[in-house]
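Letters A, B, ... are given to chains in the order of the sequence lines, protein chains preceding strands, and every chain is numbered from 1.
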2 protein chains.
Amino acid sequence: MRATIKDIAKVLNLSPSTVSRALRDCSSVSKKTREKILHIAQSMDYQPNLTARGLVSGRTQNIGVILSIETRDYSSLQIFNSIVVNGIFEVADAANYNLTFAKESKKHQTGALQRIIDNRDADGVLIVNVVSEDILAKLTIKNIPVVLIDNHFDNLQSYAVNNNDRLGAYLGTKHLLSLGYESIGFIGISEHAFNRECEMGYFQALLESEIRTDPNFLAKGNGDLGSGYDAMIKLLKINRPPRGVFVVNDEMAIGSIKAIKDYGLSVPEDIAIVGMDGMPFMEYFDPPLTTVKIEVAELGRTALQMLLGLIEDNYSGNHQIAISPRLIIRKSCGYYINSTLTK
Amino acid sequence: MRATIKDIAKVLNLSPSTVSRALRDCSSVSKKTREKILHIAQSMDYQPNLTARGLVSGRTQNIGVILSIETRDYSSLQIFNSIVVNGIFEVADAANYNLTFAKESKKHQTGALQRIIDNRDADGVLIVNVVSEDILAKLTIKNIPVVLIDNHFDNLQSYAVNNNDRLGAYLGTKHLLSLGYESIGFIGISEHAFNRECEMGYFQALLESEIRTDPNFLAKGNGDLGSGYDAMIKLLKINRPPRGVFVVNDEMAIGSIKAIKDYGLSVPEDIAIVGMDGMPFMEYFDPPLTTVKIEVAELGRTALQMLLGLIEDNYSGNHQIAISPRLIIRKSCGYYINSTLTK
DNA sequence: CTGAAAGCGCTTACAG
DNA sequence: CTGAAAGCGCTTACAG
């Protein structure tokens with residue numbers, strides 16, 4: 001059987017209280033007895049029972065991570081989420097917290113989510129991606145601290161960590177402009193807050209170059225490859241299509257490159273493309289995709305640091321944090337063709 | 001404050017014991033009092049404190065999931081692992097278990113892993129991918145049930161769930177043969193047990209077609225794209241290169257396709273390629289990759305079911321289970337070119 | 001069918 | 001600096 005505090009106390013003829021104190025390094029224990037206790041504890045291979053500790057502290061040492069149940073295996077979102085979780089894990093582990101996953105959809109929610117809400121099976125919760133306002137409300141009522149990740153709520157009261165989408169679109173568009181292209185298109189996505197941010201970055205870049213925006217140069221998809229293809233076809237059918245296009249996610253960017261090729265044109269010679277996300281394998285496509293890489297793991301790390309502060313009741317930073325993405329130049333933007341000009 | 005069993009007992013003038021029994025549906029409580037208790041419990045929004053339950057049951061309701069610390073974000077392995085975890089989660093959630101992640105490398109192991117081993121912070125453990133034998137030994141000593149996932153140990157005593165790699169290589173090779181190609185190459189990986197299984201599947205398929213194996217047609221990489229490229233270059237330099245090549249993972253398959261293109265040849269017209277894995281985005285490459293898809297989530301599900309049986313001490317199935325992968329035909333194998341023959 | 005008591009392994013005021 | 005006692009919220013023999 002596993003040794004307990006009582007066992008150690010008995011061996012040394014001390015009280016459990018003293019042993020407990022010594023083990024946790026309380027200053028009120030004499031050096032001599034502390035050393036005796038530590039020594040015996042080690043020789044008996046004593047390790048505290050975390051559950052018992054949790055019962056008296058009222059803490060679970062769990063962080064709930066709520067994800068959308070609908071995420072398909074191998075999808076971009078799945079990949080995004082798993083990297084976010086990596087970042088979360090790093091911080092959680094250092095702070096001695098476990099992660100408790102939970103998933104949710106309109107119709108169904110996992111047992112884990114019920115345990116978090118009903119039984120308070122987490123000291124705090126991270127909500128990744130769009131999850132219903134309903135869940136957020138329930139957690140708030142139960143007084144469980146929450147931080148949103150990549151949730152483009154317009155709710156300024158929530159604590160949230162997002163990619164700086166506006167900056168991302170700005171960087172992507174600016175890069176195309178810096179390459180000398182004068183007509184730049186935009187393929188967005190039908191997701192309000194996110195798309196609005198991206199559009200603002202795009203417009204700002206154009207404005208700085210004093211280029212008027214052409215409403216025909218704006219197209220939208222739903223985020224997947226096929227919709228990026230369709231959106232690009234629309235742009236291609238315009239009288240004089242844009243010379244460069246910023247696409248708000250990599251998957252649609254790949255779709256739009258396919259559309260351009262199928263149209264008998266080439267990337268970047270005829271139309272240059274810049275995506276956003278940083279999905280895997282994108283450097284292996286033909287041409288390798290230039291993209292604005294989101295610091296996904298950093299989103300997770302930052303969010304959990306914030307949440308930990310909230311749990312300890314000593315967070316005093318901003319309610320909302322935006323993490324800067326960064327441009328990764330590959331070939332689809334034409335940088336290496338134009339490099340004589342720009343380098 | 002949250003209602004406790006005591007609170008309910010007080011309201012109804014009953015003992016906590018009876019309330020506890022009623023709440024857990026023990027048969028020994030009269031229908032009448034049970035109903036009263038359930039009613040009050042609901043009106044007081046009572047939910048059991050899981051920590052307290054855990055303390056008396058000696059269970060943590062945690063399943064430890066050990067992963068390699070070295071896995072890079074966005075790598076194939078990272079994607080593989082996250083899908084395995086999806087499968088594990090499904091089963092865990094249905095059985096009311098939480099997942100506790102832990103990571104490990106030769107030099108370093110996370111706090112979570114120490115908690116699992118030292119403090120028994122999990123009722124059972126799943127080890128995904130190659131993790132040191134040392135960890136396995138420690139868990140065994142502590143009497144913590146373990147199931148390995150995708151760990152190609154040669155240890156027949158361990159409980160393990162793996163992809164049926166031999167079958168995978170067999171299916172891939174057989175498919176190439178069925179397309180009429182008579183010389184088939186093999187690009188393997190320097191990982192003993194895994195590679196041996198793949199080779200056996202490859203040889204078996206050749207044998208059934210009475211094709212002699214040419215040792216020059218065997219090449220090896222380390223798993224990443226560049227190494228697949230190099231391995232293919234080796235095969236291309238042979239006097240008469242193989243007409244089709246089975247590559248043991250998708251990433252190297254993509255690398256080998258690139259090598260073929262750079263060599264001025266085309267896929268599948270000159271050399272046909274079949275990979276194995278089922279990584280995302282592979283259908284978008286040029287040409288879309290034919291591959292043997294591993295049922296990754298199923299590996300996770302099966303392993304946890306096995307582990308749950310072990311924890312409950314009622315598992316009586318095989319120690320080792322191999323999950324069958326399945327062929328996904330796309331364009332890199334030339335099926336659609338040869339379809340007049342084969343359809 | 002119900003209750004009183006002991007216990008799971010720890011922590012923490014309160015005394016001394 | 002140390003100990004006795006109470007308690008965290010539940011479960012479970014043992015009696016009746």
Problem set entry | Least distance between heavy atoms, A/V161 atom then A/M306 atom |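 That closest heavy-atom pairing would be CG2-SD, 4.0 Å.
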
Exercise. Counting just side-chain N and O atoms, does A/S15 come under 4.0 Å of either OP1 or OP2 of D/dT2?
Worked result: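 The answer is no; no side-chain N or O of A/S15 sits under 4.0 Å from OP1 or OP2.
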
Exercise. Looking only at side-chain N and O atoms, does B/T18 come under 4.0 Å of OP1 or OP2 in C/dC1?
Worked result: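 No, no such contact exists.
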
For this session: To the nearest Å, give me how far apart CG (B/N13) and P (C/dA4) are.
Result: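 So the CG-P distance, B/N13 to C/dA4, works out to 10 Å.
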
Exercise. What do the steps show when you test B/K138 against B/D118 for salt bridge (charged side-chain N to carboxylate O under 4.0 Å, His left out), and what is the final call?
Worked result: CA-CA 9 Å; B/K138 278 184 186 159; B/D118 296 339; over 6 Å; no

Problem set entry | Assigned partner base of D/dA4, Watson-Crick or wobble definition, under 3.5 Å |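 Its partner is none (no Watson-Crick or G-U wobble pair with both distances under 3.5 Å).
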
Problem set entry | Pairing partner of C/dA13 (Watson-Crick or G-U wobble, both distances under 3.5 Å) |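 Per the H-bond distance test, none.
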
For this session: Go through the structure and list residues passing ring pair (Phe, Tyr, Trp, His ring centres under 6.0 Å) with A/H39, not counting sequence neighbours.
Result: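 Once residues adjacent in sequence are excluded, A/H39 has no partner under the ring pair (Phe, Tyr, Trp, His ring centres under 6.0 Å) criterion.
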
Exercise. Do NZ/NE/NH1/NH2 and the carboxylate oxygens of A/D134 and A/K106 come within less than 4.0 Å?
Worked result: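 No, A/D134 and A/K106 are not salt-bridged.
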
Problem set entry | Where protein sits on nucleotides 7-16 of chain D, one letter per nucleotide: B base, S sugar-phosphate only, - none, heavy atoms under 4.0 Å | -BBBBBB---

Exercise. Side chain of B/D93, backbone of B/V91: donor and acceptor closer than 3.5 Å?
Worked result: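 Such a contact is absent between B/D93 side chain and B/V91 backbone.
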
Problem set entry | Any donor-acceptor N/O pair, B/D150 side chain to B/V128 backbone, under 3.5 Å |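 Side chain of B/D150 to backbone of B/V128: no pair is present.
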
